[in-house]
2 protein chains.
Amino acid sequence: MKNRPKEASIEKLADLYKIFGDATRIRIMYALMPGEMCVQDIADSLNMTQSAISHQLRILKTSCLVKSRREGKAIIYSLADTHVSTILSQGLDHVEE
Amino acid sequence: MKNRPKEASIEKLADLYKIFGDATRIRIMYALMPGEMCVQDIADSLNMTQSAISHQLRILKTSCLVKSRREGKAIIYSLADTHVSTILSQGLDHVEE
DNA sequence: GACAAATATGTTCATGTGTTCATCTAAGGG
DNA sequence: CCCTTAGATGAACACATGAACATATTTGTC
């Protein structure tokens, strides 16, 4: 059990969890687990508007939880690293007890 | 990589992370890591009002992240299980890269 | 029982947050 | 070029959230 982290780390930590603290964003991340997807496909799969998804994707990207690349007209999103799935399944363990 | 969880689990997961998504609550949990503490001591250690801490403790307790017992006039709080520290250090890993 | 100490709770207020709607930008096809 | 398609962005609005303040509750002491 480590010491209490620095104030800066605590703020960062809270901010990180804030990102995970929204069902839409979690759904997006789970949608991206099997593989990359474009915005409209995510929207369709979650039954939400393109705009709503785009807004959330921006938040996820700013926090480096997803990354994107352009392919013609479409922009393809994918999970940024394996940490994301790790954190999610960690939380799921706690929830599903 | 598992299947997408049920809707109910996703909501619960988001709610769980929402709890972790506040610096005050994280500070409280870190304060409780070394061992149990009464409300006023937590408040002093974090330089916050007793009321603010009590409100947050109630949220943490409702989510089963801390537990409490009475000892005379005081109520002593402690972390509910080891999952809490696990989740916190997991997030810290991601943050401190 | 009156009182003090330790917490809990209710209310209020300012601030954040997520979605929608309308609009804007970028890329490809004719 | 003009138009269509795919996303991004900005403003507005409704709703949630955290802290402060005052007050209530519970317990121990005299």
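Everything quoted here is computed from the prediction, not taken from an experiment. Atoms considered below: every heavy atom in the structure, side chains included; atoms not considered: hydrogens, waters and symmetry mates. Here is how names work: the chains are called A, B, and so on, in the same order as the sequence lines, proteins then strands, and each is numbered from 1.
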Legend entry - CD1-CG distance between A:Ile28 and A:Leu65, expressed to the nearest 0.5 angstrom: 11.0 Å
Legend entry - Heavy-atom donor-acceptor pair, A:Gln50 side-chain to D:dA6 base, under 3.5 Å: no
Inset, instruction - Using a 4.0 Å heavy-atom cut-off across all strands, classify B:Lys61 as base, sugar-phosphate, or nothing. - result: nothing
Inset, instruction - Report yes or no: is the ring centroid of A:His55 under 5.5 Å from the six-membered base ring centroid of D:dT9, with the two planes under 30 degrees? - result: yes
Legend entry - Side chain of B:Lys18 (C-beta onward), nearest among D:dT17, C:dT9, D:dG7: D:dT17
Legend entry - A:Lys18 bridged to A:Asp15 by N-O distance under 4.0 Å: yes
Inset, instruction - From the options D:dG7, C:dT7, C:dA5, select the nucleotide whose nearest atom is closest to the side chain of B:Lys73. - result: C:dA5
Inset, instruction - Give a yes/no answer on whether the side chain of A:Thr49 brings an N or O atom under 4.0 Å of OP1 or OP2 in C:dT20. - result: yes
Inset, instruction - Please work out if B:Gln40 contacts a base, only the sugar-phosphate, or nothing of the nucleic acid, heavy-atom cut-off 4.0 Å. - result: sugar-phosphate
Legend entry - B:Arg70 side chain near C:dA6 phosphate (N/O to OP1/OP2, under 4.0 Å): no
Legend entry - Distance below 4.0 Å between B:Gln56 side-chain N/O and D:dA19 OP1 or OP2: yes
Inset, instruction - To the nearest 0.5 angstrom, please state how far the CG atom of B:Leu32 sits from the OG atom of B:Ser78. - result: 7.0 Å
Legend entry - Nearest listed nucleotide, side chain of B:Val39, among C:dA8, C:dT19, C:dG18: C:dA8
Legend entry - Expected output: side-chain A:Ser54 to main-chain A:Gln50 donor-acceptor under 3.5 Å: no
Inset, instruction - Return no unless some side-chain N or O of B:Tyr77 is found under 4.0 Å from OP1 or OP2 of C:dA8. - result: yes
Inset, instruction - Report yes or no: is there a donor-acceptor pair, N or O only, under 3.5 Å between the side chain of A:Ser51 and the base of C:dT19? - result: no
